[in-house]
Amino acid sequence: MELHARHRHAREPVTLMTATQAGVVALTIPQDAVFIGGQWEKVPGESIAVVNPANGAVMGRVPNADAATGARAMAAARTALDDWSARPPAERADFLDALADALEAHGEQLARLASSEIGMPLAESRAVQASLPAKVLRSTAEIARTFAFESRDASGSTITREAVGVVLGITPWNFPVHQIIAKLAPALAAGCTLVLKPAELTPLNAVFIARLCEEVSLPPGVVNLVTGTGAETGEALVRGGGYDLVSFTGSLKIGRHIGAVAGEQVVRATLELGGKSPAVVLDDADLEAAVRTTVKNCFTNAGQKCNAPTRLLVPEARRAEAVAIATEAANAYVLGDPLEDGTTMGPLASPVQRDKVLGFLEAARAEGATVNGGDLVDPNGLFVRPAIVTDVAEDATVVREEVFGPVLVVLGHSGEDDAVRLANDSEYGLSAEVWSGDEARAARLARRIKAGQVRVNGVRTPPLPISPFGGYKRSGLGREMGPFALEEFLEVKAILGDPVPS
Ligand code: NAI
Ligand code: MG
């Protein structure tokens, strides 16, 4: 498969073509318009350049939409709500399946586009920007087909679950396609309509998704796309109201702000925020396997991953050994063009992200830590070699704060209770990994960790992506994926004395 991207002038549509066995599939995405009520609406004036972090090239542009444009999108979603929410769930599910088909048909283009926007190695991008979102759409469709939207309680009342209404979805740049679909699929399945504001760093894949919604003839206004910066477009949307639920993924700082504004309006906010996830290795675990898997999971997408296991907790007696294994594994990463075969780590997503990561490493060194790796490869570029950090105090900044880069901290523990104490000593609680040679011991340990998802002995995400994902503590509010995600988008009604029970 080969992809050609043609984009000469700043605001010309970008045409992406993939040569597949079925022939050339082309999809043109506009660069000067937002998607409102099923129409591409040109937005004059200022636009945002989308930069490929691997080479600094401008890949395209999107509008920086103003408050009035955002309000029109919100109104279009409101207009579409009655019809969409009244359709049978199976009909809404059919649209999700159609979108999954379209996404798969264009999966290679989408994976390459997203890789170029974020800097994620293509193999990772194929898995999480194309394959996974299609599976999420299909599994959500299946859940919607069998979900009990009406039931009877023990008192004889009918309980109905209805769409909460218009959803404002605000998404980040690190796994952009997945993060959009993780909101879109359950929201639409529930009967909600959506206004999506994707990250300004990676908006082209969102434009692509809106084009796919158009291709499958999703009714106008069910999905609306408004591009722009967080401070302008995002802030105007959040403050402008008109939505019944805001679903946000991103930083703790902005999530807290959005939750506060939603609270003032008494609308729901679901927040998927950061993490400082532990990988807890007990004395009876296979240390080598635990360390290698942790390194791999920590450095996916150059560590720009909210559930990355960034704190490796090993028996103190074996810390030096663990650091040596981790350092060797880190040194084996091949940094380069994300689209090239053999590249295992791309650039960081932006200069801001690079400076943030380097700042954390500098602070760690100043606090006396040992830092293996972590060098900036090219003084003007965004490639930072993965770093293993150790000899660091429990309360050091690099141990407590989310770095969002290729930085793994190794700490020693004195036994199971101490490991649990360290694992839970964080304001975050998104995910965790536990390692033990004794399965029953690992299972007990998993129950002691304060996190929304715990992986035992390196288990990978199952092929059916329906297990709930979300945070304890400041990692967020609410859950994504599977039936729990659907429930987030539903309002509950009790009908007492209902003469027509379902
Ligand atoms: P961010 O939280 O600023 O941005 C996420 C989304 O929120 C983007 O679409 C952005 O445009 C929007 N946004 C920003 N300010 C807003 C506002 N006032 N009102 C409405 N929407 C607004 O995240 P950013 O700046 O991209 O990354 C900063 C840090 O956040 C990262 O270094 C990382 O630590 C963390 N982060 C965590 C993510 C996660 O998956 N939990 C994802 C991305 C970033
Ligand atoms: Mg929570």
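Whatever order the structure lists ligands and atoms in, that order sets their numbers, starting from 1.
With respect to the salt-bridge test (charged N to carboxylate O, under 4.0 angstrom), the residues Arg455 and Glu433 do not qualify. Between Lys42 and Asp32 there is a salt bridge, since a side-chain N of the basic residue sits under 4.0 Å from a carboxylate O of the acidic one. Remark: Arg421 engages Glu394 in a salt bridge, criterion side-chain N to carboxylate O under 4.0 Å.
Screening residues 191-204 for side chain to side chain donor-acceptor pair (under 3.5 Å), with sequence neighbours left out, gives Lys197-Glu200.
Phe484 CZ: 12 or fewer foreign heavy atoms inside a 6.0 Å radius.
Side chain of Lys473 to main chain of Asn424: a donor-acceptor pair is present (N/O by atom type, distance under 3.5 Å, no hydrogens or angles).
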Please tabulate protein-ligand N/O pairs under 3.5 Å for ligand 1, atom names and distances to 0.1 Å.
{"unit_1": "ligand 1", "atom_1": "2 (O)", "unit_2": "Ser251", "atom_2": "N", "d": "2.9"}
{"unit_1": "ligand 1", "atom_1": "2 (O)", "unit_2": "Ser251", "atom_2": "OG", "d": "2.6"}
{"unit_1": "ligand 1", "atom_1": "9 (O)", "unit_2": "Thr171", "atom_2": "O", "d": "2.8"}
{"unit_1": "ligand 1", "atom_1": "9 (O)", "unit_2": "Lys197", "atom_2": "NZ", "d": "3.1"}
{"unit_1": "ligand 1", "atom_1": "11 (O)", "unit_2": "Lys197", "atom_2": "NZ", "d": "2.6"}
{"unit_1": "ligand 1", "atom_1": "11 (O)", "unit_2": "Glu200", "atom_2": "OE1", "d": "2.5"}
{"unit_1": "ligand 1", "atom_1": "11 (O)", "unit_2": "Gly230", "atom_2": "N", "d": "3.2"}
{"unit_1": "ligand 1", "atom_1": "18 (N)", "unit_2": "Glu235", "atom_2": "OE1", "d": "2.8"}
{"unit_1": "ligand 1", "atom_1": "19 (N)", "unit_2": "Glu235", "atom_2": "N", "d": "3.3"}
{"unit_1": "ligand 1", "atom_1": "26 (O)", "unit_2": "Trp173", "atom_2": "NE1", "d": "2.6"}
{"unit_1": "ligand 1", "atom_1": "32 (O)", "unit_2": "Gln353", "atom_2": "OE1", "d": "3.3"}
{"unit_1": "ligand 1", "atom_1": "32 (O)", "unit_2": "Gln353", "atom_2": "NE2", "d": "3.0"}
{"unit_1": "ligand 1", "atom_1": "32 (O)", "unit_2": "Lys356", "atom_2": "NZ", "d": "2.5"}
{"unit_1": "ligand 1", "atom_1": "34 (O)", "unit_2": "Lys356", "atom_2": "NZ", "d": "2.8"}
{"unit_1": "ligand 1", "atom_1": "34 (O)", "unit_2": "Glu402", "atom_2": "OE1", "d": "3.0"}
{"unit_1": "ligand 1", "atom_1": "41 (N)", "unit_2": "Gly250", "atom_2": "O", "d": "3.2"}
{"unit_1": "ligand 1", "atom_1": "41 (N)", "unit_2": "Leu273", "atom_2": "O", "d": "2.8"}

